[in-house]
J.: 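Please find one structure pasted underneath; my questions will follow.
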Amino acid sequence: MPDAASWQSKQQRRMMTKFDVKRMANDIITRTGFKGNTAIVLGSGLGDFAENFDNPTVVPYASVNGYPKPTVEGHAGEFVFGDLNGIPVMVAKGRFHYYEGYPLSVVTLPIHLFSELGIKYLIITNAAGSMKKEFPPGDLMLITRHMDCTFREKMADPKWIDRPPYYQPEVLQAVRNASEKSGVKIVEGGYCWTQGPAYETPDEIHYYLSIKGTAVGMSTVPEIETAGDTGIHVVGISCLTNYAAGITDQPLTHHEVMETADRVKSDFAELIKEIITQFGAWK
Ligand code: HPA
């Protein structure tokens, strides 16, 4: 059971729903002079990616008027602007999860801000549990479809979303090309968004498997849907950090999630760099 104070702050966060995104974007552009059209959201344990940037400028979320502050270990809470292979890029290190008590308006705020900043290409990354024995921890998975498994609104079986504007054949192909070019292997599959904050039970995983899920995680789906709806070319990549509950007899820990993400971070960085180069070639 949450204690009274944390329950109250959860309720306050749920109420905080109105944002002046234009003002935030103007503030950021004034401070950074950013003129790029590519953004990346970095998931749990993948935050080091911005170390690859030339000429980085850090903008802490707390310094952007009205922007919320994330609370999960492994999430720094800052934007970094810089150049990757000469291409201007911004990253968001740290995100807002539904399970932290934020309303979807907060979870998707970064995407609305990206849109206001002129972002046209977005790579969303996350850590996820693998439900497929053949995809061991350390594999990087291109998300080719997703399903909302939070059961927030109804108890019916969730449906797969696998079409444009969320999944565009040319965007998926750009990632496959990037994999081939960089030599970083990817696998492909469907991502099930669960509400969290607890990891799933083996019975829940059994059910997600029965409806053909490949990976399971607690983020990304609201962001992919918002990005597609605002006309951004979006791609989701999961770092499979562990086998989902019940797939092996190993207990599942946040430590394993962070450790695996750390182990694959250089491969992951190479893949992302090449995806950005592929997107850059479309302009
Ligand atoms: N389940 C849900 N979220 C996750 C997992 C998992 O097994 N691993 C990393 N994020």
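Fair warning: this is a prediction, and the values are worked out from it, not measured in the lab. For ligands, and for the atoms within them, numbers begin at 1 and follow the listed sequence.
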J.: Report the distance from atom SG of Cys192 to atom CZ of Arg145, rounding to the nearest 0.5 Å.
T.: 8.5 Å
J.: Would the distance check show the side chain of Ser130 and the main-chain N or O of Lys132 forming a donor-acceptor pair, the cut-off being under 3.5 Å?
T.: yes
J.: Does a salt bridge link Arg23 with Asp27, judged by any charged N lying under 4.0 Å from a carboxylate O?
T.: no
J.: Is it the case that more than 12 heavy atoms not belonging to Asn65 sit under 6.0 Å from its CG atom?
T.: no
J.: Output all residues satisfying side-chain contact (heavy atoms from CB on, under 4.5 Å) with Ala127, sequence neighbours left out; order by chain, then residue number.
T.: Ser44, Thr241, Val257
J.: Applying a heavy-atom distance cut-off of 4.0 Å, which protein residues contact ligand 1?
T.: Ala127, Ala128, Gly129, Tyr199, Glu200, Val216, Gly217, Met218, Thr241, Asn242, Leu252, Val257
J.: Please report whether the ring centroid of His254 lies less than 6.0 Å from that of Tyr199.
T.: no
